[in-house]
Amino acid sequence: MLLLAAASLVAFVLLLYMVSPLISPKPLALSGAHVVVTGGSSGIGKCIAIECYKQGAFITLVARNEDKLLQAKKEIEKHSINDKQVVLCISVDVSQDYGQVENVMKQAQEKLGPVDMLVNCAGTSLAGKFEDLEVSTFERLMSVNYLGSVYPSRAVITTMKERRVGRVVFVSSQAGQLGLFGYTAYSSSKFAIRGLAEALQMEVKPYNVYVTVAYPPDTDTPGFAKENQTKPLETRLISETTSVCKPEQVAKQIVKDAVQGNFNSSIGSDGYMLSSLTCGMAPVTSITEGLQQRLRFIQKRHKNQLHLEPGAVSAAGEPEGRRQPLGARRLAVWWERLRRLIRQCSAA
Amino acid sequence: MLLLAAASLVAFVLLLYMVSPLISPKPLALSGAHVVVTGGSSGIGKCIAIECYKQGAFITLVARNEDKLLQAKKEIEKHSINDKQVVLCISVDVSQDYGQVENVMKQAQEKLGPVDMLVNCAGTSLAGKFEDLEVSTFERLMSVNYLGSVYPSRAVITTMKERRVGRVVFVSSQAGQLGLFGYTAYSSSKFAIRGLAEALQMEVKPYNVYVTVAYPPDTDTPGFAKENQTKPLETRLISETTSVCKPEQVAKQIVKDAVVVTMGLFRTIALFYLGSFDSIVRRCMTQKAKLETVDKTA
């Protein structure tokens with residue numbers, strides 16, 4: 001009886017897998033696609049631009065500083081795969097004035113055609129105690145991180161809906177999945193991005209436009225280095241319970257999820273757990289999205305070397321490495337983390 | 001064997017239940033407490049003020065329109081339970097300028113004493129398709145709903161932390177738990193309130209200050225009536241899948257809460273993480289306090 005139930009469950013899951021590609025979004029072909037990346041002159045944005053460029057896309061970089069834009073353009077162009085590819089740079093503050101942003105998008109579309117994928121990566125961070133943060137910080141972070149994502153999205157969404165194809169990527173943060181000490185201003189802005197994305201996805205789904213929200217952990221970028229300069233001790237200690245990621249890693253995952261049309265994009269095992277816990281009522285855009293992510297994660301683990309230093313686990317590390325039984329490795333990591341947590345709890 | 005495991009699990013859960021009141025926050029005594037309600041001149045805010053007043057609190061109502069404030073004051077005063085209770089009205093736009101809000105809180109504290117509970121109920125709503133909403137709406141809703149909660153909270157939090165007692169209530173929305181068609185501007189502002197509340201709670205927990213986030217459904221208020229005037233069809237149809245609540249109902253629940261699988265395993269681990277974050281914060285707090293006393297004696 002139990003065997004029969006188990007067998008039917010397995011059969012059902014297999015059926016889902018077979019049907020899933022027919023009802024999932026058709027992956028976006030990056031080759032020849034026009035990808036706009038705001039905040040594309042450094043950090044995660046630049047890595048996302050590189051990742052898309054490697055797959056044949058035409059890139060428009062949007063940021064404020066013209067020198068940084070040109071430097072980024074040179075770096076991206078090293079990864080070209082054919083002669084036709086172009087990197088266009090436009091300098092604007094995406095949070096300042098909607099009219100300006102609209103013009104910038106028009107310019108980009110005149111030169112490189114309609115936008116296939118928009119990546120909203122422009123953002124900044126500041127950590128500090130609620131009563132210590134300058135009052136203007138709350139408005140400033142919300143303006144850059146939230147309005148700076150609203151304006152570009154609004155400028156391209158109508159065309160995407162008309163063409164019945166598009167991807168809009170928002171870069172939130174793990175601090176946009178849970179509020180942490182010191183992030184009253186930052187978490188709010190990153191939570192807001194999630195609310196925007198969920199509501200927007202519901203509006204554009206019938207038009208074959210898919211929204212992706214990425215929740216990167218602490219990532220080794222110039223922005224992160226700047227944030228660390230004024231970070232309170234408590235925030236630093238809490239952040240040390242997860243490891244710092246490389247922006248290339250983060251970018252790869254985000255582009256993969258965006259192309260596939262997945263709503264949630266998380267990085268690593270911590271990211272997966274946090275996304276599962278905080279998924280709330282977030283949409284899934286393919287029936288087996290969760291299962292597929294899980295399988296990809298297991299595959300990656302098989303290829304990677306596992307470091308047992310506390311907190312230092314790379315989800316996509318060096319290809320060469322010791323191979324251990326998957327289950328034992330993962331169990332060891334969680335056990336080590338749990339022990340550290342319990343030690344910290346009891347030390348209080 | 002299985003029976004033994006089940007029995008110990010049940011015993012463990014019962015033990016948790018018995019221990020829980022000892023480690024839960026001590027309920028706030030509303031009688032004689034000073035409760036500030038922003039957006040208290042109508043809707044859910046007014047009902048929250050009434051609910052607290054019925055339990056003996058001293059109320060400060062904060063809103064923009066002076067006439068509506070006075071009307072609300074008259075209505076609230078009908079529910080007094082003793083002669084000492086006071087309803088104070090102060091007119092200000094809580095989202096405009098932090099300095100003004102700080103002054104208002106100072107005024108209120110001079111008249112009615114330090115704030116025991118702050119209810120951030122000032123907010124507005126507008127529904128419409130993403131590309132149809134006026135561009136200024138995004139900034140406006142974020143300003144009223146989010147900054148209008150940040151400023152009053154910031155003005156009272158230091159005193160609450162010093163007194164080691166306080167409640168800060170944020171009124172989010174069910175649209176702050178999931179994004180819905182037509183609510184790109186509104187959901188974002190209500191999600192932001194949740195992020196603010198979670199981060200703030202982690203900062204103030206060792207100081208015995210507790211944060212509550214309320215997620216009311218569609219509630220029968222003047223604000224809701226106004227929202228309905230321009231609501232797109234899709235949003236209206238989606239909203240009809242839940243019923244409209246009475247504001248008195250919502251207020252009762254909010255005040256009550258302010259005053260007490262694969263998922264299971266993850267949630268347990270998450271609780272460990274949160275526990276460890278809380279202990280980090282507590283440790284740093286006691287260390288700072290020690291350093292301060294050392295500085296003073298040096």
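Labels below follow one simple rule: chain letters A, B, ... track the order of the sequence lines, proteins then strands, and each chain is numbered from 1.
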Asker: Is B/Tyr186 in contact with chain A via its backbone, its side chain, both, or neither, using a 4.5 Å heavy-atom distance?
Answerer: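 Neither part, no heavy atoms under 4.5 Å.
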
Asker: Could you tell me which portion of B/Gln177 (side chain, backbone, both or neither) has an atom closer than 4.5 angstrom to a non-hydrogen atom of chain A?
Answerer: backbone

Asker: Quick one: what part of A/Ser153 sits under 4.5 Å from any heavy atom of chain B, side chain, backbone, both or neither?
Answerer: both

Asker: If I measure from the heavy atoms of chain B, does A/Leu196 come under 4.5 Å with its side chain, its backbone, both, or neither?
Answerer: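 Contact with chain B involves both backbone and side-chain atoms of A/Leu196.
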
Asker: Do the non-hydrogen side-chain atoms of B/Leu133 and A/Arg154 ever get within less than 4.5 Å of each other?
Answerer: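 Heavy-atom side-chain distance check passes, below 4.5 Å.
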
Asker: Side chain, backbone, both or neither: which part of A/Asp132 has a heavy atom under 4.5 Å from chain B?
Answerer: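 Answer is backbone: N, CA, C or O of A/Asp132 sit under 4.5 Å from chain B.
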
Asker: Heavy atoms under 4.5 Å from chain B: which residues of residues 157-164 of chain A carry them?
Answerer: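 Checking residues 157-164 of chain A against chain B gives A/Ile157, A/Thr158, A/Lys161.
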
Asker: Search all heavy atoms of A/Leu200 against all heavy atoms of B/Phe130 and return the closest pair with its distance.
Answerer: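 Scanning both residues completely, I find the closest heavy atoms to be CD1-CD2, 3.3 Å.
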
Asker: Within the 4.5 Å heavy-atom criterion, are B/Ile238 and A/Met202 side-chain neighbours or not?
Answerer: yes

Asker: Please assess A/Phe191 against B/Ile193 for the test side-chain contact (heavy atoms from CB on, under 4.5 Å), listing each intermediate value before the final yes or no.
Answerer: CA-CA 8 Å; A/Phe191 264 77; B/Ile193 285 177; over 6 Å; no

Asker: Does atom CD of B/Glu131 have more than 12 heavy-atom neighbours, drawn from other residues, nucleotides or ligands, at distances under 6.0 Å?
Answerer: yes

Asker: Between the main-chain N or O of B/Gly182 and the side-chain N or O of A/Glu203, is there a donor-acceptor pair closer than 3.5 Å?
Answerer: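 Looks like yes, one N/O pair under 3.5 Å.
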
